[in-house]
Protein chains: 2
Amino acid sequence: MSDLESVSVAISPKEKYREYLATQRLRMTRERSIIVEEVFASHEHFDADQLIQRLDQRSDGKRVSRSTVYRSIKQLEDAGLIRKVARQDDRDLYEHDYGYPQHDHLICKKCGELTEFHNEQIKEILETVAREFGFRIESHRLEAHGLCKNCCRRPQDRPSKLNLI
Amino acid sequence: MSDLESVSVAISPKEKYREYLATQRLRMTRERSIIVEEVFASHEHFDADQLIQRLDQRSDGKRVSRSTVYRSIKQLEDAGLIRKVARQDDRDLYEHDYGYPQHDHLICKKCGELTEFHNEQIKEILETVAREFGFRIESHRLEAHGLCKNCCRRPQDRPSKLNLI
DNA sequence: TTTCTTGCAAACATTTTGCAGGATA
DNA sequence: TATCCTGCAAAATGTTTGCAAGAAA
């Protein structure tokens with residue numbers, strides 16, 4: 001089960017989902033239950049297709065159709081349980097939002113590795129900036145793109161025309 | 001004040017494009033010329049479709065096909081002339097990169113307004129974080145989502161089902 | 001003349017939707 | 001029972017690509 005370290009979670013993701021559904025007069029079905037469990041069974045980032053595959057590989061025969069997965073992902077997003085991290089290979093990538101502390105990402109353009117980090121100052125700076133524009137921030141997304149530690153170490157990748165600034 | 005940061009543009013976007021094409025042994029064609037001119041004719045953010053429409057509306061009959069626009073957008077990106085800002089309505093949004101200082105965006109979730117801002121500290125913080133992970137940053141993208149000044153002023157938008165957790 | 005480009009239409013990939021039968025409160 | 005939900009297949013959408021004709025070097 002997922003480790004509830006940094007943020008104290010009052011109720012499980014599934015319960016939170018159920019609450020959301022209730023506010024919308026929607027139902028907690030077998031399929032939605034399977035999906036929310038599968039989504040929170042691992043803390044990896046995922047896209048729709050990966051989730052569908054994970055569900056297909058289940059040995060318990062609890063399959064869910066592609067359409068339903070897409071429909072549920074949207075609901076989980078609306079419910080604040082997951083959120084889009086980035087786009088990768090033309091797909092939306094999601095991660096857990098509920099029960100997980102705010103963080104941002106370093107994204108390696110070569111190997112695609114996602115490194116999470118957290119920095120309080122960024123939020124503070126954003127608040128200051130937003131105040132100036134009368135903007136009310138609800139969330140933010142920060143991605144730094146470049147080369148991860150591993151991919152930095154390959155001299156043959158960089159052609160000779162280095163940017164000597 | 002050292003002006004090396006605030007981008008002094010030596011050559012025009014079109015010349016810069018030509019340079020890039022040369023390094024790739026590609027040609028500056030009539031179509032590419034039209035596109036780069038149109039892209040830099042206004043400083044608005046744009047997506048592929050908007051650019052195509054702008055080109056279609058030209059009275060001088062300088063039409064360019066959809067495929068060529070897509071192909072050129074990719075090249076302009078590779079050439080460092082434009083870059084993706086965000087996704088909006090399932091489309092990639094682009095903005096000028098060449099000759100324009102680094103900045104980030106406040107994005108209104110209601111009206112879609114994009115507000116640009118610049119803050120030096122963010123870059124510094126990112127550098128510090130990256131150092132810690134041995135990551136080499138080449139660029140970053142920061143979007144704050146929420147409500148712009150105008151859209152903040154409408155109390156009737158928020159339904160009563162507030163998150164009371 | 002050789003290679004690169006274009007426009008077109010068809011192909012693609014992801015995501016959405018209409019609908020009929022099935023499930024839930 | 002009155003909705004709501006699902007799976008399917010078809011549709012929609014944004015983007016890419018193969019190809020034959022045309023243009024640039």
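To find a chain, count down the sequence lines: A is the first, B the second, and so on, and within it residues start at 1. Everything numeric here is computed off the predicted structure, so don't read it as measured data.
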Show the atom names and distances, to 0.1 Å, of all donor-acceptor pairs under 3.5 Å that link a side chain in residues 66-73 of chain A to residues at least two apart or in another chain.
| residue | atom | partner | partner atom | Å |
| --- | --- | --- | --- | --- |
| R66(A) | NH2 | D49(A) | OD1 | 2.8 |
| T68(A) | OG1 | S65(A) | OG | 3.1 |
| S72(A) | OG | T68(A) | O | 3.0 |

Atom pairs and distances, side-chain donor-acceptor, residues 118-128 of chain A, under 3.5 Å, sequence neighbours left out:
| residue | atom | partner | partner atom | Å |
| --- | --- | --- | --- | --- |
| H118(A) | ND1 | Q102(A) | O | 2.7 |
| H118(A) | NE2 | E120(A) | OE2 | 3.1 |
| N119(A) | OD1 | Q121(A) | N | 2.8 |
| N119(A) | OD1 | I122(A) | N | 3.4 |
| T128(A) | OG1 | E124(A) | O | 2.9 |

Got a list of side-chain donor-acceptor pairs under 3.5 Å for residues 79-89 of chain B, not counting sequence neighbours?
| residue | atom | partner | partner atom | Å |
| --- | --- | --- | --- | --- |
| R83(B) | NE | E95(B) | OE2 | 3.0 |
| R83(B) | NH2 | E95(B) | OE2 | 2.9 |
| R83(B) | NH2 | H103(B) | O | 3.2 |
| R87(B) | NE | D92(B) | OD1 | 3.2 |
| R87(B) | NH1 | D90(B) | O | 3.3 |
| R87(B) | NH2 | D90(B) | O | 3.4 |
| Q88(B) | NE2 | G112(B) | O | 3.3 |

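Both Y94(B) and V64(B) belong to a common hydrophobic cluster when Ile, Leu, Val, Met, Phe, Trp and Tyr are linked at side-chain heavy-atom distances under 4.5 angstrom. By the criterion of side-chain heavy atoms lying less than 4.5 angstrom apart, applied directly or through intervening Ile, Leu, Val, Met, Phe, Trp or Tyr residues, L114(A) is not grouped with F135(B); the two fall into different hydrophobic clusters. Grouping the Ile, Leu, Val, Met, Phe, Trp and Tyr side chains by contacts below 4.5 angstrom, directly or via other members, places Y17(B) with L51(B).
Close placement of the H105(A) and H45(A) rings is indicated, their centers lying within 6.0 Å of each other.
To the nearest angstrom, C1' of dT16(D) lies 15 Å from CG of D49(B). Taking atom CG of L21(B) as the reference point, atom P of dA24(D) lies 14 Å away to the nearest angstrom.
Looking only at distances, a side-chain donor or acceptor of R54(A) sits under 3.5 Å from a matching main-chain atom of E38(A).
Every residue was checked against the salt bridge (charged side-chain N to carboxylate O under 4.0 Å, His left out) condition with R32(B), not counting sequence neighbours, and none meets it. Applying the ring pair (Phe, Tyr, Trp, His ring centres under 6.0 Å) rule to F40(B) yields the partners H96(B); only residues at least two apart in sequence or on another chain are considered. Take E132(B) and apply the side chain to side chain donor-acceptor pair (under 3.5 Å) test, not counting sequence neighbours, and it matches no residue. Residues that satisfy the side chain to side chain donor-acceptor pair (under 3.5 Å) test with S139(B), not counting sequence neighbours, are absent from this structure.
For dT16(D), neither phosphate oxygen OP1 nor OP2 lies less than 4.0 angstrom from any side-chain nitrogen or oxygen of Y70(B).
Across residues 72-86 of chain B, not one residue has a non-hydrogen atom less than 4.0 Å from an atom of DNA chain C.
For the pair F46(B) and L93(B), the minimum side-chain heavy-atom distance is 4.5 Å or more. You'll find the side chain of H140(A) stays beyond 4.5 Å of the side chain of H145(B), heavy atoms only.
Boundaries of the chain B contact region on DNA chain C are dT3(C) to dA9(C), first to last in 5' to 3' order (nucleotide atom under 4.0 Å from a heavy atom).
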In 5'-to-3' order, the base (B), backbone-only (S) or no-contact (-) status of each nucleotide in nucleotides 7-13 of chain D, using a 4.0 angstrom heavy-atom cut-off, is BBB----
Show each protein N/O and nucleotides 1-4 of chain D N/O combination with a separation under 3.5 Å, one pair to a line.
| residue | atom | partner | partner atom | Å |
| --- | --- | --- | --- | --- |
| dT3(D) | O2 | R27(A) | NH1 | 2.7 |
| dT3(D) | O2 | R27(A) | NH2 | 3.0 |
| dC4(D) | O4' | R27(A) | NH1 | 3.0 |
| dC4(D) | O4' | R27(A) | NH2 | 3.3 |

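Summary of helix geometry: the two end axes of the helix from dT1(C)-dA25(D) to dA25(C)-dT1(D), each defined by five base pairs via their C1' atoms, are inclined to each other by 40° (rounded to 10°).
Look at K74(B) and E77(B) and you find no salt bridge, because none of the NZ, NE, NH1 or NH2 atoms lies under 4.0 Å from a carboxylate O.
Backbone-only engagement by D92(B) is indicated by non-hydrogen atom pairs under 4.0 Å involving sugar-phosphate atoms exclusively.
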